Amino acid sequence: MTMEQGAAEADVRIRAGRPPWMLVLLAGGVALLNAAVEMTRGQFWALLIFVGCLLVAEGLWIRSFGVVLTPEFVKVRGIVRRSIPWRDVQAVIRFDQLGVRRVALILESGEPVNLRAPESTWGLGRAAYERDYQGMGQWWLAHRGESWRPVRPEAPRPTEQD
């Protein structure tokens with residue numbers, strides 16, 4: 001994704017990559033298959049059906065995570081959904097967390113907003129992650145507005161003299 005000045009732009013959607021939600025969905029499928037086998041034995045099949053359905057629902061829920069880039073806002077769609085004006089975003093950074101490469105927005109207040117997408121889990125989907133990360137950075141630069149100014153660290157205060 002590349003940004004051009006003056007180009008008519010539609011909203012850009014970045015969704016959670018396949019590894020996170022597919023692994024949970026796969027685990028749910030395995031639990032449901034085990035439930036079918038356990039039904040013939042009369043053991044833990046009800047628990048396995050419950051866990052399998054829960055995992056399938058969670059996988060589909062994770063699939064809805066992501067961000068929507070609009071000219072005025074970045075709409076974060078995760079556990080908590082919120083819209084953040086681009087003028088409040090001071091930086092778009094990447095960070096690593098337990099083998100997962102993620103993206104965060106640093107707000108004017110200094111608060112980081114960790115995004116659920118884009119991400120690269122254990123190196124899977126790294127090319128798509130890099131493309132989406134670079135695109136988000138370009139989108140921020142193009143849409144942060146002329147009134148945006150970097151937040152400067154406060155100057156050290158002079159010491160009080162007695």
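One-based numbering along the sequence shown. Since the model is a prediction, treat every value here as computed from it, not as a measurement.
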Min side-chain heavy-atom separation F95-N114 under 4.5 Å | yes
Report yes if the side chains of L69 and M136 come closer than 4.5 Å at any heavy-atom pair, otherwise no.
-> yes
With sequence neighbours excluded, residues passing ring-ring contact (aromatic ring centres under 6.0 Å, His included) with F65 | W61
Given the rule that I, L, V, M, F, W and Y join up when any side-chain heavy atoms are under 4.5 Å apart, are L105 and L141 in one cluster?
-> yes
Which heavy atom in W139 sits nearest to a heavy atom in V12, and how many Å separate them?
-> CZ3-CG2, 3.6 Å
Side-chain contact test, heavy atoms from C-beta onward, threshold under 4.5 Å: evaluate it for E108 versus P85 and give yes or no.
-> no
Applied to residues 84-101, the salt bridge (Lys or Arg N to Asp or Glu O under 4.0 Å) test, sequence neighbours excluded, yields R94-E130, D96-R101, R101-E130
Which atom of A117 lies closest to which atom of G66, heavy atoms considered = CB-CA, 3.7 Å
Hey, quick one: are L115 and I106 part of the same hydrophobic cluster, counting side-chain heavy atoms closer than 4.5 Å, chains of contacts allowed?
-> no
For L26, which fellow cluster members are found when Ile, Leu, Val, Met, Phe, Trp and Tyr are connected by side-chain heavy-atom distances below 4.5 angstrom, either directly or through intermediates?
-> none
What residues form a salt bridge (charged side-chain N to carboxylate O under 4.0 Å, His left out) with R126, not counting sequence neighbours?
-> none
Partners passing side chain to side chain contact (heavy atoms under 4.5 Å, CB included) against A27 (at least two apart in sequence or in another chain) | L55
Do you reckon L60 sits in the same ILVMFWY cluster as L33, going by side-chain contacts under 4.5 Å, direct or chained?
-> no
Is there a side-chain contact between R116 and I79, using heavy atoms and a 4.5 Å cut-off?
-> yes
With E111, which residues qualify under salt bridge (charged side-chain N to carboxylate O under 4.0 Å, His left out), at least two apart?
-> R82
With L98 via side chain to side chain contact (heavy atoms under 4.5 Å, CB included) - residues at least two apart = none
State, to 0.1 Å, how close P118 and V103 come at their nearest heavy-atom pair, and which atoms those are.
-> CG-CG2, 3.8 Å
Any side-chain heavy atom of Y133 within less than 4.5 Å of one from V92?
-> yes
Which residues satisfy the side chain to side chain contact (heavy atoms under 4.5 Å, CB included) test with L48, sequence neighbours excluded?
-> N34, A35, E38
What one should report as the nearest heavy-atom pair of F73 and W86 is O-NE1, 3.1 Å
Grab the two heavy atoms, one from T70 and one from K75, that are nearest each other, plus how far apart they are.
-> CG2-CE, 4.1 Å
Heavy-atom side-chain proximity of R63 to R15 below 4.5 angstrom | yes
For E58, check side-chain hydrogen bond (donor to acceptor under 3.5 Å, both in side chains) against everything at least two apart and list the hits.
-> none
Can you sort out the partners of R77 under side-chain hydrogen bond (donor to acceptor under 3.5 Å, both in side chains), two or more places apart, ordered by chain and number?
-> none
Given the rule in the side chain to side chain contact (heavy atoms under 4.5 Å, CB included) test, do V89 and L107 qualify, once you have shown the distances and angles that lead to the verdict?
-> CA-CA 5 Å; V89 177; L107 302 183; 4.2 Å; yes
Single-linkage hydrophobic cluster, 4.5 Å side-chain cutoff, W140 and I84 together | yes
Partner set under side chain to side chain contact (heavy atoms under 4.5 Å, CB included) for L54, not counting sequence neighbours = F50
Are L47 and V56 grouped together when hydrophobic residues (ILVMFWY) are joined by side-chain heavy atoms under 4.5 angstrom apart?
-> yes
Heavy-atom pair of closest approach, residues A31 and G52 | CB-CA, 3.6 Å
